[in-house]
Amino acid sequence: MKFGMRKPSLKKSFKARTTSKYKRAFKRSVNPFYGKKGIGFIKNPKRTIYNKIYHKTTFGLTSLIYIPKKSKAKNKIKTTTKSDNYGLNWKELIRNDDKECLKLYKDSIFKISDEFPKGYKLYFKDLSHVEIQDNKIYFYDFTGNLFYSGHLTKENQKNSYKLYKKINKSNLYPYKSYYEIINNLPEGSSKKTLRIFKFVNLPLSILLLLLASILNINSFTILSLFFLAITIYGLRVHKSSFK
């Protein structure tokens, strides 16, 4: 194992910054797994470990010269204006008929008006439960008063469901599954479908995986992974608060 400074090479340095860049871009467009974290270790663990130790125990000529990094202030501004505090984008606001809208933040919701920018902020700890009926969402505080009601759309229904599930689950209040919400079904209608995913699809996918490992048949592996993906998706979509 080498220690200290690596031997500088202008040819290799130039090649790494030009030819390899376009090769990597081409390979990334063809293979979606190329360049992803952990793929190198799966393909060749010995070389990955060696390279990791080599780069820790050696240093290049450029590391001796201080090169200031380019400022990323412009990129930061772009990302922060799109979404504030991991919340809804401005296009995904929950609106109602009174020209009011609700913006979701990491730990609170903010009620504002289209005519007046100032509004009222309410934290999740102040909300007792959330209800969704007929593509409308209702927010209630612990005094029993309706804080806000708005319309669900294709743009905001996913984030609205996350909020609905988070508040109701933390306050031990029943909630529907995502499948029941988007199809406007009563609570518990996903129970039968959930049992099929749990007791039919899941054992079948595990059995196919075992058969594929024993018989070494690739078609069994692909089929088992397909069943497993469907099962995981079904469990996530149909899962709700019922036991």
Side-chain angles (χ1 to χ4, degrees), residues 1-9 11-80 82-89 106-107 158-159 161-162 165-166 169 178 194 197-198 200-239:
M1 182 57 67
K2 185 177 176 64
F3 291 92
M5 184 177 170
R6 295 189 290 270
K7 185 180 177 181
S9 174
K11 184 182 176 182
K12 288 180 180 178
S13 180
F14 178 77
K15 192 176 180 181
R17 283 161 175 78
T18 53
T19 313
S20 300
K21 180 183 176 180
Y22 299 110
K23 278 185 180 178
R24 282 193 290 269
F26 175 74
K27 286 181 180 180
R28 205 176 290 114
S29 63
V30 175
N31 184 8
F33 297 103
Y34 179 80
K36 299 293 181 183
K37 192 175 181 181
I39 299 297
F41 185 80
I42 294 165
K43 288 176 72 177
N44 195 336
K46 186 179 177 181
R47 186 174 66 178
T48 307
I49 294 164
Y50 176 84
N51 289 343
K52 189 79 175 175
I53 297 166
Y54 179 79
H55 284 287
K56 290 282 184 183
T57 56
T58 61
F59 59 91
L61 186 65
T62 52
S63 60
L64 298 173
I65 305 165
Y66 174 71
I67 301 169
K69 292 182 179 179
K70 291 181 181 179
S71 176
K72 295 182 180 179
K74 291 182 180 178
N75 295 333
K76 285 182 181 178
I77 291 165
K78 286 180 181 178
T79 53
T80 51
K82 188 181 178 184
S83 177
D84 297 329
N85 279 348
Y86 313 101
L88 289 171
N89 298 333
K106 194 174 182 181
D107 58 349
K158 283 188 178 179
N159 284 322
Y161 179 75
K162 287 177 185 177
K165 185 178 177 180
K166 183 179 180 178
K169 193 175 182 180
Y178 184 66
L194 190 66
F197 279 113
K198 275 185 177 180
V200 178
N201 283 35
L202 189 61
L204 185 64
S205 57
I206 292 167
L207 182 66
L208 285 169
L209 270 173
L210 290 170
L211 285 171
S213 61
I214 293 165
L215 301 173
N216 198 16
I217 301 172
N218 292 330
S219 57
F220 273 27
T221 309
I222 295 163
L223 195 63
S224 62
L225 291 172
F226 177 72
F227 267 99
L228 195 63
I230 292 171
T231 306
I232 292 165
Y233 175 77
L235 290 172
R236 284 184 65 189
V237 168
H238 290 275
K239 190 178 180 183

Which residues satisfy the side-chain contact (heavy atoms from CB on, under 4.5 Å) test with [X], sequence neighbours excluded?
{"X": "L204", "value": "L208, F227"}
{"X": "F226", "value": "I230"}
{"X": "L210", "value": "I206"}

request  = Compare all side-chain heavy atoms of K46 with those of Y50 and state whether any distance is below 4.5 angstrom.
outcome  = no
ask   = Is there side-chain contact between I53 and K56, with heavy atoms separated by less than 4.5 Å?
value = no
request  = Supply the atom-to-atom distance K52 NZ to I49 CD1, rounded to the nearest 0.5 angstrom.
outcome  =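 K52 atom NZ to I49 atom CD1 measures 11.0 Å (nearest 0.5 Å).
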inquiry  = List the residues meeting side-chain hydrogen bond (donor to acceptor under 3.5 Å, both in side chains) with T58, not counting sequence neighbours, and say none if there are none.
reply    = R6
key: side-chain contact (heavy atoms from CB on, under 4.5 Å) between K162 and N159, worked out   = CA-CA 5 Å; K162 287 177 185 177; N159 284 322; 4.0 Å; yes
